[in-house]
Amino acid sequence: MASKILCSCGELIRINLYEGNNLQLLVPEDLTDVPAFESPQEFNSFLDNILNASSVVVICSKCGVMSIIGQELSIKRYVPAST
């Protein structure tokens, strides 16, 4: 995955996991059924599968737009509703 995207407001957003960028994963529901694990390798494989199948969610600190970054860097953006 690329390491950064540009928000619609022009803010540069870093999307590297595990680098303190306050990212979240959007996990498909069918991956949340946790099986019984026979070995640590099965557990690691389960986690790898979740990471590979999940989208990354980031909220721009400048404008509040939520970007959902899918596989192959497909990006969907959602603007906060005004109240």
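The figures that follow rest on heavy atoms only: side chains count, while hydrogens, waters and symmetry mates do not.
Connection of Leu17 to Val57 is not established within any shared hydrophobic cluster, with ILVMFWY side chains joined at heavy-atom distances below 4.5 Å, either directly or through further cluster members. Residues Leu25 and Ile75 share a single hydrophobic cluster, defined by chaining ILVMFWY side chains whose heavy atoms lie under 4.5 Å apart. Under the 4.5 Å side-chain heavy-atom criterion for Ile, Leu, Val, Met, Phe, Trp and Tyr, Ile59 and Tyr18 are members of distinct hydrophobic clusters.
Atom CD in Glu19 sits 8.0 Å away from atom OG in Ser3 (nearest 0.5 Å). To the nearest 0.5 Å, atoms SG (Cys60) and CG (Leu6) are separated by 9.5 Å. Atom CD1 of Ile13 and atom NZ of Lys62 lie 10.5 Å apart (nearest 0.5 Å). Here the CD-OG distance, from Gln71 to Ser54, works out to 8.0 Å after rounding to the nearest 0.5 Å. Put simply, CG on Leu73 and CD1 on Ile5 are 8.0 Å apart, with the number rounded to the nearest 0.5 Å. Rounding to the nearest 0.5 Å gives a distance of 14.0 Å between CG of Asn22 and CZ of Arg14.
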**Test log, rule side chain to side chain contact (heavy atoms under 4.5 Å, CB included), inputs Val58 and Asn21** = CA-CA 8 Å; Val58 61; Asn21 297 320; over 6 Å; no

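Looking at residues two or more places apart in sequence or on another chain, you find a ring-ring contact (aromatic ring centres under 6.0 Å, His included) between Phe37 and Phe43, Phe46. Residues passing the side-chain hydrogen bond (donor to acceptor under 3.5 Å, both in side chains) test with Arg77, sequence neighbours excluded: Ser67.
Between Pro28 and Ala53, the shortest heavy-atom contact is CG-O, 3.6 Å. Minimum interatomic distance between Asn16 and Leu23 (heavy atoms only, all atoms of both residues): O-CD1, 3.4 Å. Nearest heavy-atom pair across Cys63 and Cys9 is SG-SG, 3.7 Å. Of all heavy-atom pairs spanning Val65 and Cys7, the tightest one is CB-SG, 4.1 Å. Closest approach of Ile15 and Lys4 over heavy atoms only: CG1-N, 3.8 Å.
Remark: side-chain polar atoms of Glu42 are paired, donor with acceptor, to backbone N or O of Glu38 under 3.5 angstrom.
Other residues, nucleotides and ligands contribute more than 12 heavy atoms inside 6.0 Å of the CG atom of Asp48.
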